[in-house]
Amino acid sequence: MVVVTVGILALQGAFLEHARSVAACGGRPVEIRKPEQLDDCRALIIPGGESTAIGKLMDQFGLFDAVRRFGADGRPIFGTCAGMVLLAREIEGLQQPRLGLMNIAVKRNAFGRQVDSFEADIYVPVLGEAPVRGVFIRAPYVTAVGRGVETLASFDGKVVLVRQGRLLAGAFHPELTADTRLHRYFLSFLDE
Ligand code: GLN
């Protein structure tokens with residue numbers, strides 16, 4: 001069996017946890033800090049953290065164009081939480097740097113202060129009947145879904161998981177649980 005090399009953008013945030021999830025799926029995780037490191041990767045994960053900090057570092061390291069090309073090549077990209085914010089075309093009320101690869105609008109820190117962080121069961125039909133335990137940490141949600149974007153899960157009436165071709169974005173943190181179904185689903189894009 002060919003082992004799939006998966007880049008994990010490792011500038012800030014929860015990249016180690018994603019690396020662990022990828023390894024648990026049988027993939028080979030590689031921490032990405034330079035554009036040329038993407039050449040060996042078949043897929044890329046952009047972790048949660050702080051989207052402004054990650055964006056600033058991506059800019060400094062010349063990663064914006066490299067990641068846009070990666071996506072334009074049809075190589076799968078999965079963004080979680082801050083990673084979802086960076087993938088969005090529009091960030092409500094904010095002009096911060098972003099990849100803009102997905103036809104979605106998001107709102108940052110959108111669940112409000114009183115529920116800054118919480119966990120909830122999320123039903124994701126493409127993963128089967130058993131819900132995913134969604135860990136939300138100052139999470140965004142999707143406020144508008146454009147052309148070509150499929151809603152894969154909602155919570156409390158808010159869209160929290162979307163797919164556009166080989167791009168996947170989620171508001172919660174699957175890498176903080178032992179459930180690897182969402183990572184496996186993402187890696188299955190390579191077989192489509
Ligand atoms: N609040 C962060 C942001 O908007 C995201 C939080 C996270 O990734 N856990 O960038």
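Read the numbers this way: they start at 1 and go in the same order the structure lists the ligands and their atoms.
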Using residues 7-16 as the side-chain source, report each donor-acceptor pair under 3.5 Å to any protein atom, sequence neighbours left out, with the distance given to one decimal.
from, atom 1, to, atom 2, distance (Å)
Gln12, OE1, Glu50, N, 2.8

Original post:
Who are the side-chain contact (heavy atoms from CB on, under 4.5 Å) partners of Val4, not counting sequence neighbours?
Top reply: Val6, Arg42, Leu190

Considering only N or O atoms, set out every pair between ligand 1 and the protein closer than 3.5 Å, with distances to one decimal place.
from, atom 1, to, atom 2, distance (Å)
ligand 1, 1 (N), Asn109, OD1, 2.6
ligand 1, 1 (N), Arg138, O, 2.9
ligand 1, 4 (O), Arg108, NE, 2.6
ligand 1, 4 (O), Arg108, NH2, 3.4
ligand 1, 8 (O), Gly49, N, 2.8
ligand 1, 8 (O), Gly49, O, 3.1
ligand 1, 8 (O), Ala82, N, 3.0
ligand 1, 9 (N), Ile137, O, 3.0
ligand 1, 9 (N), His173, NE2, 2.9
ligand 1, 10 (O), Ser51, N, 2.7
ligand 1, 10 (O), Ser51, OG, 2.7
ligand 1, 10 (O), Arg108, NH2, 3.4

**OP:** Indicate whether any N or O donor in one side chain lies under 3.5 Å from an N or O acceptor in the other, for Arg89 and Asn103.
**Re:** yes

**OP:** With the side chain counted from C-beta on, respond yes when Phe111 and Phe155 share a heavy-atom pair under 4.5 Å apart, and no when they do not.
**Re:** yes

Original post:
Is any side-chain heavy atom of Val160 less than 4.5 Å from a side-chain heavy atom of Ile122?
Top reply: yes

Anything under 3.5 Å between a donor and an acceptor, one on a side chain of residues 71-82, the other on a protein residue two or more places apart or in another chain? List them.
from, atom 1, to, atom 2, distance (Å)
Asp73, OD2, Arg75, NH2, 3.2
Arg75, NH1, Leu38, O, 3.3
Arg75, NH1, Cys41, O, 3.1
Thr80, OG1, His18, NE2, 3.0
Thr80, OG1, Gly48, N, 3.4

